[in-house]
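Contents: one structure, followed by commentary.
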Amino acid sequence: MSLKTTVKIKAMTKTLLLIDGNSLAFRAFYAMYNQLDRMVAHTGLHTNALVAFNNFFDQVVEKMNPDYALVAWDAGKGATTFRAKIFDDYKGDRQTTPPELSEQFPYLRKMVDLHGIHSYELPGFEADDIIGTYSKLAEKAGLKTTIITGDRDLTQLVTDNVSVNVTKKGVTELDRYTPKFLAEKWGGITPSQVIEMKSLTGDTSDHYPGVTKVGLKTAIKLLNEFGSLDGIYQHIDSMKTSKLKENLLNDKESAYRAHELATIRTDAPVELEMKELINQPINFQELIPFYEELDFKVQLAKIHSMQKAGMVGQDQEEEKNVQVTELKAANLDHLSEIKNYLTVYFQTDSDNYHTAKISAFVVGNENDGYFASRDLELLNSSVVRKLFKGDLPKYVFNAKELIVLLNRLGLQINNLDFDFLLVSYLLDTTDNDNQLATLANRFNVFLESDAEVYGSGVKFKIPENNETLFSHMANKASTISKLHDPSMKKLSDHQQAELYRQIELPLSKVLASMEINGIKLDQAELKKLGQEFDQRIFELEKQIYEEAGQEFNINSPKQLADLLFAHMKIPPIKKTKTGYSTAANVLEELAEKYPFVGLILQYRQLAKLNSTYVKGLLEVVNPDDSKIHTRYLQTLTQTGRLSSVDPNMQNIPDRDEEGKRIRKAFVPSHEGWEIFGSDYSQIELRVLAHVTGDENLKKAFESGEDIHAATARSIFGLSTDQKITFDQRRRAKAVNFGIVYGISDFGLAQRLGTSRIEGKEIIQTYFHEFPKVKNWIDSIIALAHKQGYVETIAQRRRYLPDIHSKNFNLRSFAERTATNTPIQGSAADIIKIAMIKMQQALDDNHLKAKMLLQVHDELIFEAPKQEIDILEELVPKVMDSAVKLNVPLRVEAHHGVNWYDEK
DNA sequence: TGAATCACG
DNA sequence: ACGTACGTGATTCAA
C-alpha cells in the first residue's frame with residue numbers, strides 16, 4: 001500500500017476513542033498495587049494509578065492518535081444512578097474505593113485534561129452509559145469508535161464500527177473485541193446477547209444476582225438454544241423438569257431486573273457535541289509542573305530529552321545557557337564582586353582524587369555568574385585565596401574531595417556549608433551512584449551526565465575545547481547552586497539537619513586529613529613476605545599438580561570442581577548457581593577425608609594474601625612518601641558506615657596468623673613513633689541493649705561480664721557458680737550475631753551444625769530471657785511496614801522499598817534489614833561522632849598524634865612514643881563518652897611498633 | 001560483566 | 001510453603 005492511500009483512508013474515516021475512566025483507574029491501581037508504597041510523591045500523594053494511567057496515555061493513546069476522544073467518569077458521590085433506583089443493593093458489596101486511590105482521582109482528571117482530552121460525567125448515569133450513547137452517536141456520524149475499559153459488559157456495544165478493548169493485563173495490554181472475536185471467545189454469542197448472558201449469570205462485582213446456579217457455560221447453552229431471556233421464558237413450559245428449570249422459574253424476577261441493570265443506555269442526555277471532543281495536543285507547558293508535583297522523574301526526563309531534540313517547544317528562559325566566563329589574570333578582580341555564596345567545582349580526570357590530574361575549576365554563583373579556567377596558577381592569586389578563605393558559604397559537590405584537591409595545590413577553604421553529595425546521601429541512600437547528574441534528577445533538575453559529555457571507559461576524555469568543558473562545568477556548578485534550597489529544605493523536613501551539620505559535614509574534614517596523612521608502608525618488609533609467599537605457592541602448585549596427576553588452573557573454581565567432583569569422583573557437598581561449590585567451608589569438610597584438598601586450601605590462602613595484600617598494596621603505594629592513601633566513601637553504604645577503596649584498608653587480614661603478618665608492613669611514618677589502636681567492645685550489642693531497653697541485656701553489660709558468656713548463662717539456664725563451657729559460649733555468640741543480623745531458626749541451626757528444631761528452641765529461649773529484644777524486633781518491623789523506612793539514633797534513614805513486596809524473599813530480606821540497620825547504623829553514628837571529637841581533642845591538646853584509619857569499630861593512630869601514655873587515657877575517654885547510651889560503652893586500647901604488634 | 005571466592009567489622 | 005544472618009571491596013576466571 002502506498003503512503004498516499006494510507007493517508008487517504010485516515011483522512012476519510014475519522015476515529016473516536018472512548019475511555020472508561022473509573023474502570024481503568026481501578027485497573028491501574030490494582031495492577032500496581034504492590035508498588036503502592038514505593039510510588040509516593042514528596043507531597044505524600046500515592047501515584048501508582050497515576051503512573052499506570054500515564055503509561056496508558058504514552059503507550060496506547062499516543063499510538064492510536066484518534067481524531068476525537070473522551071474519558072467518561074461515573075458521577076461523583078451523592079449522584080444516584082437510575083440503576084440504584086431499580087435495585088437498591090446495586091454495587092452493594094463492592095468495596096468502597098480505597099483512600100489511596102480516591103486521592104488520585106482529581107489528578108487523574110487533570111492528567112486527562114493536560115493530554116488534550118475531554119473528561120465527562122453525567123449525574124444519574126454511569127460512565128458505561130455515556131460511552132454507550134456516544135458510540136451510537138459516532139456510528140450515526142460515520143466514525144470508527146474504539147472503547148477502552150476493564151469491564152466486559154461493554155462488549156455489548158460492539159458493532160462493525162465499534163470495537164471494545166478490554167484490559168487483559170495492567171492497562172496497556174488489551175483484548176480487542178470485534179463481533180467476530182466476541183463470538184469466538186464466548187461460544188457464538190452476539191453483542192446484544194451479552195446482556196442476556198449477564199441477566200442469567202448476574203454480576204458479582206456490581207453485586208446483582210441473576211439465576212441461581214447459572215454460570216457462563218449454562219448461559220451460553222441456553223442462549224444458543226433460545227436466543228434471549230424472553231426466548232427462554234417463552235419456551236420454559238416445554239423444558240424437562242430439572243433443577244435448572246426450577247431455578248429459572250424461581251429467579252425470573254431477578255433475571256429481568258438483571259437484564260435492566262446490565263443494559264447499557266445509549267440514549268443518555270449527553271450535552272457535548274462531537275466537535276467538542278476533538279483530540280487536542282498535549283499541554284507540555286502545564287504538564288511539566290504537574291509531573292514535578294507528582295515526582296514523575298522518568299516522564300520529566302523524557303520531556304526534557306524531547307525538548308533537547310527540538311520536538312517540543314520550551315520557554316526562552318530554559319533555553320538560556322548558564323553564563324560562564326573564562327577566568328584570566330586580567331579579569332581576576334571580577335571574583336571580588338561575588339556575593340552571598342560561592343559554588344566551587346573542580347574537574348579531575350579520574351575518581352582517585354589523590355592521584356588524578358586536575359583539569360580545570362569553576363567558581364561563581366547564580367547571580368554573579370561563573371568563572372572557569374584550566375590555569376591552576378590563578379588559584380594562587382590573592383583574590384582566589386581570599387575568596388576561599390573568606391566567609392562566603394561554600395557550595396560544593398563532595399567536600400572531602402575538594403579539600404584533598406586543594407591541599408595538593410597548597411590551598412585551603414573555609415566555611416564549607418553545602419555539600420550536595422552528602423545531603424542527597426542522607427536524604428536517600430537508595431540507588432545512589434554518587435553522580436551529580438543522577439542526584440540532581442531526584443529534584444527534577446536536569447544535567448548532562450559526565451559520561452554523555454566526556455565519554456566513558458576507554459572513550460573517556462576531558463574535552464580539549466574550552467567551550468565544551470567550561471559550559472559543562474558551569475552547568476554542574478549551577479546545578480549545585482540551584483539544589484541548595486530544595487535539598488536543604490527536605491533535610492530539615494526529615495529532621496536530619498543536625499545529622500548533616502554536626503556529623504557528616506565536619507566528618508568529611510576529619511576524613512580528608514586522615515586520607516591526606518596516609519599510613520606508611522614498609523615496602524621492603526612486604527616484598528620480603530611476598531617472596532616467601534611466592535616460594536610456598538610455587539611448591540604447593542607443584543605438589544597439587546603431582547597429586548592431581550595433571551596441571552590445571554587452581555584459581556579457577558570451575559576447573560577445580562571438574563577435578564574434584566568429576567575426575568577424582570569426590571561426592572560434592574554444595575551447589576552454586578553454575579555448578580558445584582568449592583568454597584572454603586566445603587573444602588574444609590572434604591579435607592577431613594581427602595588430605596589432598598587441604599593443599600588447595602593452603603594454596604588459596606596464600607594466593608589471596610599474595611595477590612590482594614602483597615601485590616595489591618605495593619601497586620597502590622605512593623612512591624613519593626611510601627604511604628597508602630585510601631579513599632573513604634562517605635556516601636555509599638546503606639547503613640551509614642564508611643567504606644574504603646583504592647585500597648580497601650578496612651579488610652587487612654587479622655583473623656589468621658598467616659594473614660596477620662601483612663600488618664607488620666604498616667608502620668609509623670616517623671622514627672620513635674608507634675601505632676596506636678583503640679576499639680569499641682561489642683558496640684552493636686550495646687546499641688541493641690540501648691534501643692530495646694531490655695533489662696537483662698543491660699544488666700549483663702553493667703556487670704562487665706563477657707557478653708557471650710552472659711548470654712550463654714541465660715539461654716542455657718546456668719547459675720552464677722556454674723562453669724560455662726567453651727561450646728556453650730560459642731553457641732551463645734552465634735545467637736548474638738544472629739539477633740543482630742535478623743535471625744532465622746534455619747540460619748542459626750546451619751551455623752551451629754544442629755537441627756532446625758533445636759535452632760528454633762534456642763531462639764525461643766533467647767526471646768524469653770530477653771523479652772524486650774523480641775518486642776523491639778517486632779515493633780521495628782511493624783514501623784518499617786508503616787512508614788517505609790527505619791532510622792538510627794542520629795536520624796540516619798534507610799528506605800526499605802521491598803518491605804511490602806509480595807515476594808517472600810525480598811520482603812523477608814527487607815524485614816531483616818529493618819532490624820539490622822538501626823543497630824549497625826547507630827554504631828556507625830557513634831564512631832563518627834567519636835572521630836570528630838577525637839580530632840578536636842588531638843588539636844586541643846596540641847598532640848602530634850595523627851588519626852589514620854577507621855575500621856567500623858576501631859580507630860588507628862600513629863603517635864610519638866611520648867604521647868602513648870596520654871593517648872591511652874584520652875582516646876578511650878573520648879570514644880566511650882561520644883554518645884550517652886543507657887548502657888556503658890567500653891573501649892580497649894593497644895599500641896606497638898607496627899600494626900601487627902598493636903594488639 | 002557477573003559469578004565465585006575470600007578478606008574485614 | 002516460601003529459603004535462609006547484616007554491611008563492605010578486590011581478585012580471578014570465563015563468558
Side-chain angles (χ1 to χ4, degrees), chain A residues 429 457 552-561 574-587 600-601 603-617 619-620 630-633 636-656 658-660 662-663 679-685 688 734-752 756 759-760 763 777 790 798 805-825 827-828 831 853-859:
Chain A
T429 59
F552 66 103
N553 188 344
I554 313 171
N555 289 318
S556 162
K558 191 172 177 282
Q559 292 185 34
L560 178 62
K574 217 170 72 181
K575 273 188 176 173
T576 66
K577 271 184 199 164
T578 54
Y580 292 121
S581 169
T582 67
N585 58 348
V586 172
L587 296 189
I600 306 282
L601 282 165
Y603 174 91
R604 280 247 181 103
Q605 186 193 25
L606 292 174
K608 173 84 177 180
L609 294 175
N610 212 23
S611 63
T612 305
Y613 298 104
V614 177
K615 295 215 177 73
L617 288 172
E619 265 169 38
V620 292
T630 186
R631 279 184 299 135
Y632 288 104
L633 305 187
L636 180 132
T637 70
Q638 300 304 300
T639 54
R641 277 187 173 185
L642 301 174
S643 89
S644 158
V645 293
D646 280 342
N648 181 355
M649 285 301 292
Q650 292 181 318
N651 70 347
I652 304 300
D654 193 38
R655 291 174 187 168
D656 300 316
E658 200 76 75
K660 229 173 179 168
I662 299 285
R663 295 185 170 222
D679 63 286
Y680 283 110
S681 156
Q682 302 298 348
I683 190 168
E684 292 195 348
L685 287 172
L688 180 70
V735 173
N736 280 331
F737 269 84
I739 295 294
V740 170
Y741 293 155
I743 202 155
S744 77
D745 49 11
F746 184 96
L748 181 66
Q750 178 106 349
R751 263 155 201 84
L752 290 179
R756 185 177 182 154
K760 194 170 176 168
I763 293 169
I777 292 174
V790 290
R798 179 176 188 177
S805 172
K806 282 190 279 192
N807 180 319
F808 177 86
N809 280 334
L810 291 180
R811 191 176 63 248
S812 304
F813 188 43
E815 289 175 352
R816 290 197 296 271
T817 15
T819 71
N820 178 258
T821 296
I823 299 169
Q824 190 184 110
I831 195 165
L853 301 172
Q854 187 250 44
V855 193
H856 310 307
D857 64 354
E858 64 177 320
L859 297 175

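Throughout, a chain's letter reflects where its sequence line sits, starting with A, and its residues are numbered from 1.
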Nearest-neighbour nucleotide for the A:L636 side chain, C:dG7, B:dA4, C:dT8 considered: C:dT8

Residue list, ring-ring contact (aromatic ring centres under 6.0 Å, His included) with A:Y580, at least two apart or on another chain: A:F565

A:N820 CG to C:dT4 C1', straight-line distance once rounded to whole Å: 15 Å

With sequence neighbours excluded, residues passing side-chain hydrogen bond (donor to acceptor under 3.5 Å, both in side chains) with A:T819: none

Close side-chain approach of A:L606 to A:E658, heavy-atom, < 4.5 Å: yes

Side-chain heavy-atom pair A:V614, A:L609 within 4.5 angstrom cut-off: no

Distance, rounded to the nearest Å, where A:L685 contributes CG and B:dG9 contributes P: 15 Å

Side chain A:Q650 and base B:dC8 donor-acceptor under 3.5 Å: no

Spacing between A:N651 atom CG and B:dG9 atom C1', to the nearest angstrom: 10 Å

Touch class at under 4.0 angstrom, heavy-atom based, for A:A734 against every strand present: base

Sub-4.5 Å side-chain heavy-atom contact between A:V735 and A:I739: yes

Integer-rounded Å distance: B:dG9 C1' and A:Q854 CD: 10 Å

Touch class at under 4.0 angstrom, heavy-atom based, for A:R604 against every strand present: sugar-phosphate

Strictly under 3.5 Å: I want the nitrogen or oxygen pairs between protein and nucleotides 13-15 of chain C, one per line.
| residue | atom | partner | partner atom | Å |
| --- | --- | --- | --- | --- |
| C:dC13 | OP1 | A:N553 | ND2 | 2.8 |
| C:dC13 | O3' | A:S556 | OG | 3.2 |
| C:dA14 | OP1 | A:S556 | OG | 2.6 |
| C:dA14 | OP1 | A:Q559 | NE2 | 3.4 |

For DNA chain B, the residues among residues 606-617 of chain A that have a non-hydrogen atom under 4.0 Å from it: A:K608, A:Y613

4.5 Å side-chain heavy-atom contact, A:T612 and A:N651: no

For atom NZ of A:K577 and atom P of B:dG2, their distance in whole Å: 11 Å

Candidates B:dG9, C:dA10, C:dC6 - which lies nearest the side chain of A:V855: B:dG9

Atom-pair distance (CD1 on A:I743; C1' on C:dC6), nearest Å: 12 Å

Touch class at under 4.0 angstrom, heavy-atom based, for A:R631 against every strand present: nothing

Donor/acceptor link under 3.5 angstrom from A:S643 side chain onto base of C:dT8: no

C:dT4 versus B:dA3 - spacing of their P atoms, nearest Å: 15 Å

Residue A:F813, side-chain atoms from C-beta onward, closest of C:dG3, B:dC8, C:dG7: C:dG7

Touch class at under 4.0 angstrom, heavy-atom based, for A:N648 against every strand present: sugar-phosphate

Touch class at under 4.0 angstrom, heavy-atom based, for A:T637 against every strand present: sugar-phosphate

Minimum heavy-atom distance between A:R663 and A:D654, given as atom pair plus value: NH2-CB, 3.4 Å

Sugar-phosphate, base or nothing in reach of A:T582, heavy atoms under 4.0 Å: sugar-phosphate

Side chain to side chain contact (heavy atoms under 4.5 Å, CB included) between A:V740 and A:L685, intermediate numbers included: CA-CA 7 Å; A:V740 170; A:L685 287 172; 3.7 Å; yes

Touch class at under 4.0 angstrom, heavy-atom based, for A:S581 against every strand present: sugar-phosphate

Atom pair CD1 (A:I777) and CD (A:E815), whose distance is rounded to the nearest 0.5 Å: 11.5 Å

Phosphate contact (C:dG7 OP1 or OP2) by A:R798 side-chain N/O below 4.0 Å: yes

Test item: A:Q559 side-chain N/O and A:I554 main-chain N/O as donor-acceptor pair under 3.5 Å: no

Non-hydrogen side-chain atoms of A:Q824 and A:T637 separated by less than 4.5 Å: no

Sugar-phosphate only, base, or nothing, as touched by A:D646 at under 4.0 Å among non-hydrogen atoms: sugar-phosphate

Sugar-phosphate, base or nothing in reach of A:I823, heavy atoms under 4.0 Å: nothing

Nearest-neighbour nucleotide for the A:D857 side chain, C:dG9, B:dG9, C:dT4 considered: B:dG9

Consecutive-pair stems (3 or more, Watson-Crick or G-U, under 3.5 Å) for DNA chain C: B:1-9 with C:6-14

Out of C:dG9, C:dG7, B:dA3, whichever nucleotide has its closest atom nearest the side chain of A:T578: B:dA3

Min side-chain heavy-atom separation A:T821-A:Q638 under 4.5 Å: no

Short side-chain N/O contact from A:T639 to OP1 or OP2 of C:dT8, under 4.0 Å: no

Sugar-phosphate only, base, or nothing, as touched by A:T819 at under 4.0 Å among non-hydrogen atoms: nothing

Test ring-ring contact (aromatic ring centres under 6.0 Å, His included) applied to A:Y632 - qualifying residues, sequence neighbours left out: none

Sugar-phosphate, base or nothing in reach of A:E684, heavy atoms under 4.0 Å: nothing

Distance in angstrom units between A:D656 CG and B:dG9 P, rounded: 11 Å

Heavy-atom side-chain proximity of A:Q750 to A:R756 below 4.5 angstrom: no

Spacing of A:L810 atom CG relative to C:dG3 atom P, expressed in whole Å: 11 Å

hbond_proxy A:R756 side chain to C:dT4 base (donor-acceptor, 3.5 Å cutoff): yes

Within-4.5 Å side-chain heavy-atom neighbours: A:R604 and A:L587: yes

A:N809 side chain near C:dG3 phosphate (N/O to OP1/OP2, under 4.0 Å): yes

Any A:R816 side-chain N or O less than 4.0 Å from OP1/OP2 of C:dG7: no

Nearest to side-chain heavy atoms of A:D654, which nucleotide of C:dA10, B:dG9, B:dC6: B:dG9

